[in-house]
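Each ligand, and each atom within it, is numbered from 1 in the order the structure gives.
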Amino acid sequence: MRVLLIGPPGAGKGTQAARIAAHFDLGNIATGALLREQVANGTELGQVAQEYMDRGDLVPDDLVIEMTRERMAQAAEEGGYVLDGYPRTLAQAEAAYRWAVARGIPFDLTLYFEIEEEELLARLAGRAREEHRSDDTEETVRHRLEVFAAQTHPLVDYYQRRGILVRINAVGPVDAISEQIFATLHWHKAKAMAAGVHRPEWALDATPG
Ligand code: AMP
């Protein structure tokens with residue numbers, strides 16, 4: 001199973017990605033976390049990425065696409081992945097789509113985390129206090145929300161046209177949101193199995209719980 005998560009910063013993608021990965025035994029590929037690791041390790045990529053991240057801008061497409069490919073290939077081989085925070089632009093989506101289709105491993109489903117801006121600002125202020133992320137200052141948060149609206153939100157339409165978009169109500173208790181997501185993914189899996197379009201790994205998957 002190969003699942004993408006799209007949503008504004010603070011929508012709870014990271015939390016749910018970890019839960020989905022554990023529940024369905026998938027790789028969890030979070031580009032923001034991978035980039036923060038590169039920054040912490042002082043790599044060449046990290047040095048370039050840091051200035052974009054600190055401003056709340058997106059890191060250039062080619063760098064992120066390159067960083068993500070091998071991880072996607074490996075995780076796909078091991079049963080699938082959850083992509084948290086990638087793709088984030090139409091150029092990334094196109095590159096990821098062409099690449100995945102060429103290898104016979106296209107995405108199954110994109111989950112769009114829907115949430116109001118007011119709720120996000122409150123959540124991000126909380127996260128800034130807890131995690132001390134340098135890109136969670138109020139000004140940067142506002143900018144990241146604008147960047148989401150301008151550059152990432154168009155992907156909702158893009159994946160809707162491809163017929164793989166599912167909207168998730170990202171407001172409410174974390175457990176309830178997980179249940180909503182698990183039910184969606186189990187349903188999708190059952191449908192795919194019935195249609196006979198999927199590989200046998202579907203049949204071996206974990207039971208709910
Ligand atoms: P996140 O942890 O997903 O909120 O990402 C933190 C920051 O990493 C973002 O604000 C971007 O600067 C950068 N980033 C993460 N994923 C991507 C991506 N797919 N494309 C470009 N920049 C990204």
Going by the atom numbers of ligand 1, which of them fall below 4.0 Å from some non-hydrogen atom of Val64? 18 (C), 19 (N), 20 (N), 21 (C)

Nearest neighbour in protein (non-hydrogen) for atom 16 (N) of ligand 1: Thr31 OG1, 2.8 Å

Which is closest to atom 4 (O) of ligand 1 in terms of heavy atoms, Arg55, Arg88, Met53? Arg88

Arg19 with Asp175: basic N within carboxylate O range, under 4.0 Å: yes

Under 4.0 Å, heavy atoms only, figure out whether ligand 1 is touched by the backbone of Asp57, its side chain, both or neither. backbone

Evaluate whether atom CD of Glu94 has more than 12 neighbouring non-hydrogen atoms of other residues, nucleotides or ligands under 6.0 angstrom away. yes

By number and element, which atoms of ligand 1 are closer than 4.0 Å to a non-hydrogen atom of Gln92? 18 (C), 19 (N), 20 (N), 21 (C)

Is the side chain of Gln47 donor-acceptor paired with the backbone N or O of Gly42 at a distance under 3.5 Å, no angle test? yes

Looking only at protein heavy atoms, which one is nearest to atom 22 (N) of ligand 1, and how far off is it? Val59 N, 3.0 Å

What atoms of ligand 1 come closer than 4.0 angstrom to any heavy atom of Arg144? 4 (O), 10 (O)

Taking only heavy atoms of Arg36, which atoms of ligand 1 are found under 4.0 Å from at least one of them? 2 (O), 6 (C)

Are more than 12 heavy atoms from other residues, nucleotides or ligands located less than 6.0 Å from atom CD of Glu51? yes

I want to confirm something. Looking only at heavy atoms, which of Gly85, Pro60, Gly14 is nearest to atom 19 (N) of ligand 1? Gly85

Side chain of Arg142, backbone of Glu138: donor and acceptor closer than 3.5 Å? no

Looking at Tyr52, is Arg55 sitting on its ring face, NZ or CZ under 6.0 Å from the six-membered ring centre and within 45 degrees of the normal? yes

salt_bridge(Arg123, Glu130) N-O dist < 4.0 Å: no

Which ligand 1 atoms does Leu35 reach within 4.0 Å, using its non-hydrogen atoms? 8 (O), 13 (C), 14 (N), 15 (C), 23 (C)

